[in-house]
Each structure stands twice: as structure tokens, then as C-alpha cells.
Amino acid sequence: MSDRIDAVSVLTQANVYFDGKCVSHTVLLADGTRKSVGVILPATLTFNTGAPERMEIVAGRCRVRQAGSEAWLEYGAGQAFDVPGDSHFDIEVVEPTHYVCHFG
């Protein structure tokens with residue numbers, strides 16, 4: 001799990017989704033890798049993916065349902081889940097959830 005990301009550039013313009021229920025900042029690594037670091041407030045939301053994503057939960061608690069699945073799986077601090085590209089997932093945030101999203 002990521003506890004820090006060294007030698008990066010951070011875009012200062014926030015990514016604000018779902019009327020402020022999800023706010024993140026884009027982080028760019030020297031090799032061109034892009035990540036986002038953010039927080040999701042309590043809500044049930046649907047996110048679409050272009051590229052594959054790995055969502056690391058840094059703090060908080062949520063339940064996730066992947067596209068095509070009926071099952072909700074719970075995740076908390078120190079856990080992660082993967083989402084395929086060109087897909088979507090539903091997330092039910094039980095308490096403010098801090099995350100790092102790895103793209104690609």
C-alpha cells in the first residue's frame with residue numbers, strides 16, 4: 001500500500017465529481033505514470049473507467065460492486081481492488097474514504 005509518493009508533480013486544480021462527493025488531485029510521476037489521490041464522502045456512486053484502475057483504500061470504509069456482479073465486497077484501510085478498463089463500478093461509501101487510484 002502507498003503511504004507516500006515521492007518525486008511527483010501535483011496538478012493543483014482539483015477533480016470534483018458528483019457535486020463534491022468525490023474530490024481528488026492528479027499526481028504525475030517522472031516516468032509519465034498518472035495517479036489520483038482523493039477522498040469520497042458518504043454516498044453511493046457509479047464510476048466509469050477508461051483504463052484499468054487499482055484503487056487503494058488509505059482510510060475509511062466502502063463497499064464495491066463490479067460491473068456484471070450482484071455481490072458487494074467491503075474494503076477498508078490497507079486494502080485494494082482492481083477494475084478493468086472500459087468498465088464501471090458502484091461504490092457505497094460508509095465513512096469518508098481516502099484513496100490512491102493507479103491508472104493503467
Side-chain angles (χ1 to χ4, degrees):
M1 289 291 134
S2 303
D3 62 347
R4 66 184 279 154
I5 303 170
D6 294 321
V8 300
S9 296
V10 177
L11 302 184
T12 57
Q13 178 65 45
N15 307 305
V16 180
Y17 304 101
F18 304 106
D19 296 321
K21 291 179 180 75
C22 177
V23 178
S24 68
H25 284 273
T26 300
V27 176
L28 302 171
L29 282 67
D31 67 1
T33 301
R34 181 174 62 98
K35 301 179 185 299
S36 65
V37 176
V39 65
I40 306 172
L41 300 177
T44 301
L45 308 170
T46 299
F47 286 89
N48 296 307
T49 63
E53 298 180 5
R54 178 169 185 80
M55 293 284 290
E56 287 185 17
I57 307 303
V58 176
R61 206 164 46 91
C62 64
R63 295 182 341 129
V64 174
R65 180 175 57 195
Q66 298 274 351
S69 175
E70 302 268 333
W72 287 88
L73 301 175
E74 189 163 323
Y75 296 91
Q79 295 182 304
F81 62 93
D82 296 306
V83 184
D86 298 318
S87 186
H88 68 273
F89 64 96
D90 300 318
I91 186 166
E92 179 185 51
V93 175
V94 179
E95 58 189 55
T97 299
H98 303 248
Y99 68 89
V100 177
C101 181
H102 306 266
F103 297 98

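Just so you know, these numbers come straight off a predicted model, no measurement behind them. Heavy atoms only: backbone and side chains are in, while hydrogens, waters and symmetry mates are out.
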Pairwise distance [atom1]([X]) to [atom2]([Y]) - rounded to 0.5 angstrom:
X: M55; Y: C101; atom1: CE; atom2: SG; result: 5.0 Å
X: L41; Y: C22; atom1: CG; atom2: SG; result: 8.5 Å
X: C62; Y: D90; atom1: SG; atom2: CG; result: 12.0 Å
X: F81; Y: F89; atom1: CZ; atom2: CZ; result: 4.5 Å
X: R34; Y: L29; atom1: CZ; atom2: CG; result: 12.0 Å
X: D82; Y: S87; atom1: CG; atom2: OG; result: 12.0 Å

Could you work out, with side-chain contact (heavy atoms from CB on, under 4.5 Å) as the rule, every residue matching [X], not counting sequence neighbours?
X: V37; answer: I5, V27, V100
X: E74; answer: R61, R63
X: A59; answer: H98

Consider only side-chain heavy atoms of I, L, V, M, F, W and Y, link residues closer than 4.5 Å, and tell whether [X] and [Y] are in one cluster.
X: I57; Y: L73; answer: yes
X: V64; Y: W72; answer: no
X: V10; Y: V58; answer: yes

Is there a side-chain contact between [X] and [Y] in this structure, where contact means two heavy atoms from C-beta onward sitting under 4.5 Å apart?
X: I40; Y: I91; answer: yes
X: H88; Y: T49; answer: no
X: P42; Y: P96; answer: yes
X: V83; Y: Q66; answer: yes
X: V39; Y: T97; answer: no
X: P52; Y: P84; answer: no

Shortest non-hydrogen contact between G104 and A51, atoms and distance: N-CB, 4.1 Å
If you look at every heavy atom in M1 and A80, which pair is closest and at what distance?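 Scanning both residues, the minimum pair turns out to be CE-CB, 3.6 Å.
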Taking the six-membered ring for Trp, is the centroid-to-centroid distance between Y99 and Y75 below 6.0 Å?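 No; Y75 has its ring centre 6.0 Å or more from that of Y99.
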D19 atom CG, neighbour heavy-atom count above 12 within 6.0 Å: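 Counting other residues, nucleotides and ligands, CG of D19 stays at 12 neighbours or fewer.
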For K35, which of R54, H102, E56 qualifies under side-chain contact (heavy atoms from CB on, under 4.5 Å)?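 Looking at R54, H102, E56, the match for K35 under the side-chain contact (heavy atoms from CB on, under 4.5 Å) is H102.
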Can you see whether T26 engages N15 through a side-chain donor-acceptor pair at a distance of less than 3.5 angstrom? yes
